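If you're wondering where the values come from, they're calculated on a predicted model, not measured in any experiment. Just so we're on the same page: letters track the sequence lines, and every chain starts at 1.
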Amino acid sequence: MTEMLPGIRYLPAYFSADEQKALLEEVRAVVAQAPLFVPRMPRTGKPMSVRMTNCGALGWVTDQERGYRYQPIHPVTGKPWPPIPPMLLDLWRAVADYPFDPEACLINYYDAEAKMGLHQDRDEQDFDAPVVSVSLGDTCRFRVGGKTRQGPTVSYKLQSGDVFVLGGEGRLAFHGVDRIYPGTSTLLKNGGRINLTLRRVTPPRASEIIT
DNA sequence: TAGTACCA
DNA sequence: CATC
């Protein structure tokens, strides 16, 4: 058994099948307002294999010219991101162990060939809040390492309805998606996997703090 | 290094 | 790794 950083929590089958369907409907409504786009690597412009969109006050985007960042508008439509759906706010309030709501929810769609190399979530100003993610659709192999690129990793098969939390010492753990297992879920009619990632981006504003 | 290649 |  490989070492696991404290603050990393795997919550299998957090959402029931019915709840997954309801959550998926909320996600569909977001994507109808904020279409999936192709993120590109900084400097090289190489397209990532996932397609993405966001909801919340801020969304994570990347392109060749400006690189990784959070911004309040969709890079294609120029419109503000739709609000974070109620079921996801409920999830955050239940598992984040953090007294303020998330500002960003990144929605990543993986087709059968998509993957995500090992990386850290470090574009946020606030590392005190955890990163909370939800899997919907096909199972994936999810790899988690330590706070540096070298060192051992642990891999999980994340199934539809599972929740994974990177918090505390594990907030800056390297992680990525090695592969998708096609045909392992019937939730998405066309297959593939949706990952929803909730994050706090900025420190809490004074107006949020009740003393 | 949110990319790739390669390996166990 | 080649690249920034």
Salt bridge check, A/Lys147 against A/Glu169: does any charged N sit closer than 4.0 Å to a carboxylate O? yes
So does A/Phe142 get a backbone contact from the side chain of A/His175, meaning a donor-acceptor N/O pair under 3.5 Å? no
Select base, sugar-phosphate, or nothing to describe what A/Asp123 touches, counting heavy atoms under 4.0 Å on all strands. base
How close or far is atom P of B/dG3 from atom OH of A/Tyr110, stated in whole angstroms? 8 Å
Can you figure out which of C/dC4, B/dG3, B/dT4 approaches the side chain of A/Arg43 most closely? C/dC4
Taking A/Arg69 for its side chain and A/Gly67 for its backbone only, find out whether a donor-acceptor pair lies under 3.5 Å. yes
Expressed as a whole number of angstroms, how long is the span from A/Met52:CE to B/dG3:P? 9 Å
What is the distance from CD of A/Gln64 to P of C/dT3, rounded to the nearest Å? 14 Å
Of the nucleotides B/dT1, C/dC4, B/dG3, which one has an atom closest to the side chain of A/Gln120? B/dT1
Protein-nucleotide distance (A/Phe174, atom CZ; B/dT1, atom C1'), rounded to Å: 8 Å
Assign A/Arg199 to base, sugar-phosphate, or nothing according to its heavy-atom contacts below 4.0 angstrom with the strands shown. base
Whole-Å gap separating P (B/dC7) and CD (A/Gln150): 20 Å
Please check this pair: side chain of A/Asp178 against backbone of A/Arg141, looking for a donor-acceptor N/O pair closer than 3.5 Å. no
Across all strands shown, which nucleotide pairs with C/dA2 by Watson-Crick or G-U wobble geometry, both distances under 3.5 Å? B/dT1
Rounding to a whole Å, what distance do you find between A/Leu118:CG and B/dC6:P? 18 Å
Starting at CZ of A/Arg143 and ending at C1' of B/dA8, how long is that distance when rounded to a whole Å? 10 Å
Atom of A/Pro130, atom of A/Tyr98 and distance for their closest heavy-atom approach: CD-CB, 4.0 Å
Picking from B/dT1, B/dT4, B/dG3, which would you name as closest to the side chain of A/Met116? B/dG3
When the distance from CE of A/Met41 to P of C/dT3 is rounded to whole Å, what number comes out? 14 Å
